[in-house]
Amino acid sequence: MVDDYQPSSEQTLDRDCMTLSRHVLLQLQSFGPDAQDLSALMNRIALAGKLIARHLSRAGLVADTLGFTGRTNVQGEDVKKMDVFANDVFISVFKQSGLVCRLASEEMEKPYYIPENCPIGRYTLLYDPIDGSSNVDINLNVGSIFAIRRQTGDDLDRSAADLLTHGRDQLAAGYILYGPTTVLVYSIGHGVHSFTLDPSLGEFILTAENIQLPAHGSNYSVNEGNFWQWEESIRDFTRYVHRHEGYSSRYSGALVGDFHRILFQGGVFLYPGTVKNPHGKLRLLYETAPLAFLAEQAGGQASTGTQRLLDVVPTELHQRTPVVIGSAEDVALVESFIQERLREQEAIAAPS
Ligand code: AHG
Ligand code: MN
Ligand code: MN
């Protein structure tokens with residue numbers, strides 16, 4: 001019998017024990033009710049991620065995973081079967097959790113309110129169940145994006161008006177990236193951390209802590225197919241990166257994958273406004289604000305091109321905003337072209 005037993009200090013054993021829920025409690029240095037809630041919320045997110053990852057891994061083999069439902073959503077977009085499956089997974093894992101009172105999703109015009117016969121919590125989950133769904137049928141990476149906000153007020157009229165506040169009200173934000181491995185990236189305001197799903201354990205294991213978004217990177221990520229739809233300033237930026245050494249175009253059609261690359265390697269992702277959609281395509285409350293929260297927590301920046309993204313106050317649940325997000329220097333470069341054009345327009349408009 002060894003009396004001064006020393007547990008194996010093997011790194012991998014310690015690492016395998018750093019699960020998501022434990023990490024949240026360590027982050028908060030607390031085991032109080034709020035910390036326990038956030039830990040439980042993140043655990044539910046992780047369960048949703050595992051269920052969606054499992055379904056995606058069998059897409060094509062299992063009926064009703066690929067292709068379209070034939071319906072269009074509130075965005076006017078064709079709904080994929082995977083969008084609906086993932087949307088319902090989040091509802092089912094949160095419905096009995098006693099943690100949330102509502103779930104607001106890209107796929108639902110109004111938030112889903114937890115039914116009376118289920119335990120009601122004091123948080124709201126906002127999510128994009130499948131981001132980049134055009135990639136589902138061709139086996140390319142997709143993601144889920146989430147944000148957690150505390151319920152304020154009683155929302156008796158079910159207008160969910162209390163959700164229409166700036167992104168600095170987010171308690172937690174993150175995404176799950178379904179790629180060669182399934183990765184969960186999150187922040188609760190104490191840095192950005194990445195976990196990789198170990199299918200043999202069924203646990204997300206910490207693989208990168210306090211991620212720092214590089215001050216500059218070579219990647220620029222934008223759909224240049226919209227070149228002639230953009231403001232001249234965005235064309236100015238694009239011409240600049242075309243003419244200068246050291247830039248690479250990387251665009252996957254899934255925001256989560258393009259952002260994940262920039263989070264680790266630096267650079268800038270843009271979805272600017274176009275003539276047809278001056279506010280761009282991406283939705284603030286469950287796409288750009290959660291990623292802006294992460295970007296700033298990791299030392300990067302996120303703006304609409306003219307305003308800090310986390311300061312934007314939406315007027316409606318599915319509001320879109322243009323987005324410029326990534327390395328501080330590269331976001332500033334894009335903004336400098338926008339400011340230059342605005343100064344020119346002001347000079348022209350100024351009375352001579
Ligand atoms: P979603 O699948 O949730 O609608 O999101 C798709 C978004 C985003 O993931 C991606 O960056 C963008 O749409 C791509 O849009 P374009 O095809 O217009 O470039
Ligand atoms: Mn999306
Ligand atoms: Mn989506």
Side-chain angles (χ1 to χ4, degrees), residues 48-49 52 55-56 59 65-69 71-91 103-109 112 125-147 173-179 185 219-230 234 238 249-263 267-292 294-295 302 309 317-326:
I52 293 166
H55 204 63
L56 282 167
T65 47
L66 299 180
F68 292 90
T69 59
R71 298 202 310 264
T72 53
N73 62 16
V74 64
Q75 323 287 343
E77 294 164 346
D78 294 334
V79 178
K80 298 295 253 321
K81 291 174 185 167
M82 202 59 217
D83 285 322
V84 173
F85 174 84
N87 191 66
D88 296 352
V89 161
F90 278 93
I91 290 175
L103 292 95
S105 156
E106 174 190 277
E107 299 304 332
M108 301 186 292
E109 184 169 0
Y112 172 88
L125 177 77
L126 298 103
Y127 65 113
D128 176 1
I130 292 288
D131 171 68
S133 45
S134 60
N135 285 355
V136 169
D137 294 356
I138 49 169
N139 196 34
L140 292 181
N141 70 263
V142 294
S144 302
I145 307 172
F146 63 88
Y175 57 83
I176 302 156
L177 176 58
Y178 310 100
V185 176
N219 302 305
Y220 73 97
S221 186
V222 67
N223 181 345
E224 296 197 41
N226 295 327
F227 185 85
W228 292 110
Q229 299 290 322
W230 293 332
I234 304 298
T238 310
S249 174
R250 294 284 186 274
Y251 192 75
S252 75
L255 168 62
V256 171
D258 291 329
F259 178 78
H260 192 70
R261 178 188 295 109
I262 283 168
L263 179 66
V268 63
F269 173 95
L270 308 89
Y271 206 106
T274 61
V275 173
K276 213 169 54 159
N277 300 310
H279 298 296
K281 173 181 181 182
L282 300 178
R283 283 65 46 150
L284 177 67
L285 284 173
Y286 41 78
E287 285 182 308
T288 56
L291 298 189
L294 294 178
L309 210 132
L317 194 62
H318 300 286
Q319 178 166 324
R320 300 167 193 258
T321 63
V323 59
V324 183
I325 187 169

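Note that the coordinates shown come from a computational prediction; the quantities given were computed from them, not determined experimentally. Ligands are counted one by one from 1 in listed order, and the atoms in each one are counted from 1 as well.
Closest N/O/S atom of D128 to the Mn ion (ligand 3): OD1. If you look at D131 and ask which of its N, O or S atoms sits nearest the Mn ion (ligand 2), the answer is OD1. The Mn ion (ligand 2) sits nearest to atom OE2 when only the N, O or S atoms of E287 are considered. For the Mn ion (ligand 3), the nearest N, O or S atom contributed by E106 is named OE2.
Counting heavy atoms under 4.0 Å from ligand 1, residue S133 touches it through both backbone and side chain. Contact annotation: for L255 versus ligand 1, heavy atoms closer than 4.0 Å belong to both the backbone and the side chain. Looking at N223 against ligand 1, only its side chain comes within 4.0 Å, counting heavy atoms. Only the side chain of E77 comes within 4.0 Å of ligand 1, judged by heavy-atom distances. Under 4.0 angstrom from ligand 1, there are no non-hydrogen atoms of F259.
For R283, the heavy-atom gap to ligand 1 drops under 4.0 angstrom. Residue contacts with ligand 1 include E287, since one or more of its heavy atoms lies under 4.0 Å from the ligand. Within the structure, the closest approach of L282 to ligand 1 falls below 4.0 Å when heavy atoms are considered. Between V142 and ligand 1 there is no heavy-atom distance shorter than 4.0 Å.
In this structure, OG1 on T69 lies 8.0 Å from CG on D83, to the nearest 0.5 angstrom.
For ligand 1, the atoms sitting less than 4.0 Å from at least one non-hydrogen atom of G253 are 9 (O), 10 (C), 14 (C), numbered in the order shown with element in parentheses. Listed by number with element, the atoms of ligand 1 under 4.0 Å from a non-hydrogen atom of D128 are 3 (O). Less than 4.0 angstrom separates some heavy atom of F269 from each of these atoms of ligand 1: 11 (O).
Counting heavy atoms from C-beta outward, Y127 and I91 have side chains that approach closer than 4.5 Å. Under the 4.5 Å side-chain criterion, counting only non-hydrogen atoms from C-beta, I262 is not in contact with R250. The shortest distance between side-chain heavy atoms of Y286 and I145 does not fall below 4.5 Å. The side-chain heavy atoms of Y112 and N87, taken from C-beta on, include no pair separated by under 4.5 Å. With a 4.5 Å cut-off on side-chain heavy atoms, I52 and I130 count as touching.
Between F259 and Y175, the ring-plane angle classifies as perpendicular under the 30° and 60° cut-offs.
Environment of NE2 in H279: sparse, with no more than 12 heavy atoms of neighbouring residues, nucleotides or ligands closer than 6.0 Å.
Below 3.5 Å of separation, one finds no N or O of V256 facing any N or O of ligand 1. The distance criterion of under 3.5 Å between nitrogen or oxygen atoms is met by Y271 with respect to ligand 1.
Metal site remark for the Mn ion (ligand 3): I130 contributes an N, O or S atom at a distance under 2.8 Å.
Atom 6 (C) of ligand 1 has its closest protein heavy atom at G132 N, 3.7 Å. For atom 15 (O) of ligand 1, the closest non-hydrogen atom of the protein is K281 NZ, 2.9 Å.
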